[in-house]
Amino acid sequence: MIETWLGNEQTVNDSQIIVGLEIGTSKVCVAVGEVGENQAVNIIGLGQAKSRGVRKGEIIDVALAEEDVRNAIVEAEQVADVEIRSVFLGVTGSHVRGFNNTGVHPVVSADREITGADIQDVIKNAKAINLPTDHSVVHVIRQHFRVDGQDGVLNPEGMLGAKIEVDVHVVSGRYNRLQNPIRLVNGLHLEVDNISSSALASSLAILGMEQKELGTLVIDLGAGVTEYAVYSAGVIKHTGVLAVGGDHVSNDLAYGLKVPLARAEQIKIDHGSAVIDPEARDRKVGLSDDSLIPGRQINLGHMQKIMSMRLQETLELIAKDIGRAGLIEYLRAGVILCGGGARIPHITRLARDVFKLPVAVGRASTVSGVKNALDEPEFATPVGLIKFGAFQAKASPRRGGIGRVIRRQVAALFGR
Ligand SMILES: Nc1ncnc2c1ncn2[C@@H]1O[C@H](COP(=O)(O)OP(=O)(O)O)[C@@H](O)[C@H]1O
Ligand SMILES: [Mg+2]
């Protein structure tokens, strides 16, 4: 477990190559990024494969998932012209939980000056968490320190005090279920530099400092899971995962319209809407090109009603959870959507009605490079994993575990 510090950005000296891997429910995606000075990320390659071995964000068929990951890696290697040895891996699933914890430590030195050792100790204390025995920690993210009750201290070193406290956000998951994707990656002779919750990764890709400061909710609408993260005052306050996503919308449509699932997915992409389009209310579309259901027509209004109900329910579950955490009023920069579901027409309108806040679709604005990755909201997680990797590299620059990627030209020199 590595403590994660996602605060103000600093510079790394040399540019390095970092790879992000998301084994998603609809697609496996590998992003290769070059991280230069001042943490700027330049995407130099993307590899993708349709995901066949994942449901609700978790692997259900190792052999299929392995093949899909291998294909995506090979494609990314070709595009970026690198040999990938290790990846930052996104993890998700209904077992992944986020919660806050506080560490407390008395300052023992005679002069009461807080030292680096005190800070280490209070953080160690915050990490001593009573998790269920089958859970393990994914992240312990530092939020703020408190010194003798003084709130919002960013770095207490050198201050005077009798008691330091630190608030942290913890993400944990079931050990075995976290190990499944790690083992799969290792089985492909790739190392895992570190794992990150996909929700956290997506938020890193699309939020700037100002949005984190003002307060923003990021929602990643994937195929099998919907993940979310709340930032306020520059730090992560809350994360969550719902095991509901675009696949459920398609399922509802298949059931409600009495069409095969693949057909429902296509109808959703072609005619879907998050709110009922008044013009579509009585419009019908034919399914005549489908030999199994000749002459069938579906009512667009009915179809959009089914879709909007499921999407609204999903967003309301998030609103309820954020409300329970008392965070709605902290979202001064509103809600940002990403993931494939952010492409659903009028999804921002539906979300605006649910949250009563401004809503926008997220763009990975702090990266440059392969245009595709920047424009499409469904690449937020892999791109964010690169940013996560860059933060980790900065936090522990001499850890040998990062960026084990060899440029092909260099590899050739060493006879690889
Ligand atoms: N234009 C669209 N309209 C409706 N749903 C869409 C659209 N584009 C993508 N989706 C949905 O987004 C989901 C895929 O999102 P993505 O973030 O790539 O998933 P994952 O990360 O889980 O693999 C699928 O359920 C897909 O149907
Ligand atoms: Mg995803």
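It should be emphasised that the depicted structure is a prediction, and the values quoted were computed from it without experimental measurement. When a ligand or atom number is given, it counts from 1 through the structure's own listing order. When reading the values below, keep in mind they use all heavy atoms of this one structure, side chains included, and skip hydrogens, waters and symmetry mates.
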Colleague: Please determine, by modelled atom types, if Ser202 and Glu227 share a side-chain donor-acceptor pair under 3.5 angstrom.
Modeller: no
Colleague: Among protein heavy atoms, which lies nearest atom 24 (C) of ligand 1, and at what distance?
Modeller: Ala223 CB, 3.7 Å
Colleague: Run the salt-bridge test on Glu265 and Lys268 with the 4.0 Å N-O cut-off and return the result as yes or no.
Modeller: yes
Colleague: Are any of the N/O atoms in Glu265 less than 3.5 Å from those in ligand 1?
Modeller: yes
Colleague: Give a yes or no on whether a salt bridge exists between Glu378 and Lys27, defined as a side-chain N under 4.0 angstrom from a carboxylate O.
Modeller: no
Colleague: Which ligand 1 atoms does Ile344 reach within 4.0 Å, using its non-hydrogen atoms?
Modeller: 3 (N), 4 (C), 5 (N)
Colleague: Before giving the answer on ring-ring contact (aromatic ring centres under 6.0 Å, His included), spell out for Phe388 and His139 the whole-Å C-alpha distance, their side-chain angles and the decisive distance to 0.1 Å.
Modeller: CA-CA 12 Å; Phe388 174 77; His139 303 287; 5.5 Å; yes
Colleague: Is there any N or O on Met307 that sits under 3.5 Å from an N or O of ligand 1?
Modeller: no
Colleague: Near Gly24, which atoms of ligand 1 are under 4.0 Å from a heavy atom of that residue?
Modeller: 23 (O)
Colleague: For the residue pair Asp151 and His144, confirm or rule out a side-chain donor-acceptor distance under 3.5 Å.
Modeller: no
Colleague: Can you list the ligand 1 atoms lying under 4.0 Å from a non-hydrogen atom of Glu378?
Modeller: 17 (O), 18 (O)
Colleague: For Asp220 and Thr381, does a side-chain donor sit closer than 3.5 Å to a side-chain acceptor?
Modeller: yes
Colleague: For the Mg ion (ligand 2), does an N/O/S atom of Glu22 lie at less than 2.8 Å?
Modeller: yes
Colleague: Taking only heavy atoms of Gly341 into account, list the atoms of ligand 1 that are under 4.0 Å away from them.
Modeller: 12 (O)
Colleague: Return the option from Ser198, Gly246, Cys29, Gly272 holding the heavy atom at the smallest distance from atom 25 (O) of ligand 1.
Modeller: Gly246
Colleague: Report the nearest protein non-hydrogen atom to atom 23 (O) of ligand 1: residue, atom name, distance rounded to 0.1 Å.
Modeller: Ser26 N, 2.7 Å
Colleague: Could you tell me the residue and atom name of the protein heavy atom closest to atom 10 (N) of ligand 1, and the distance to it rounded to 0.1 Å?
Modeller: Gly340 O, 3.6 Å
Colleague: Which protein non-hydrogen atom lies closest to atom 2 (C) of ligand 1, naming both residue and atom, and how far is it?
Modeller: Ile269 CD1, 3.8 Å
Colleague: Examine ligand 1 and decide if any of its atoms is less than 4.0 Å from a heavy atom belonging to Gly245.
Modeller: no
Colleague: Could you list which atoms of ligand 1 come closer than 4.0 Å to a heavy atom of Gly339?
Modeller: 17 (O)
Colleague: Pull out every atom of ligand 1 sitting under 4.0 Å from any heavy atom of Glu22, numbered as shown with elements.
Modeller: 21 (O)
Colleague: Side chain or backbone, does Asp220 bring an N or O within less than 3.5 Å of an N or O on ligand 1?
Modeller: no
Colleague: May I ask which of His271, Arg343, Lys268, Lys56 has a heavy atom nearer to atom 5 (N) of ligand 1 than the others do?
Modeller: Lys268
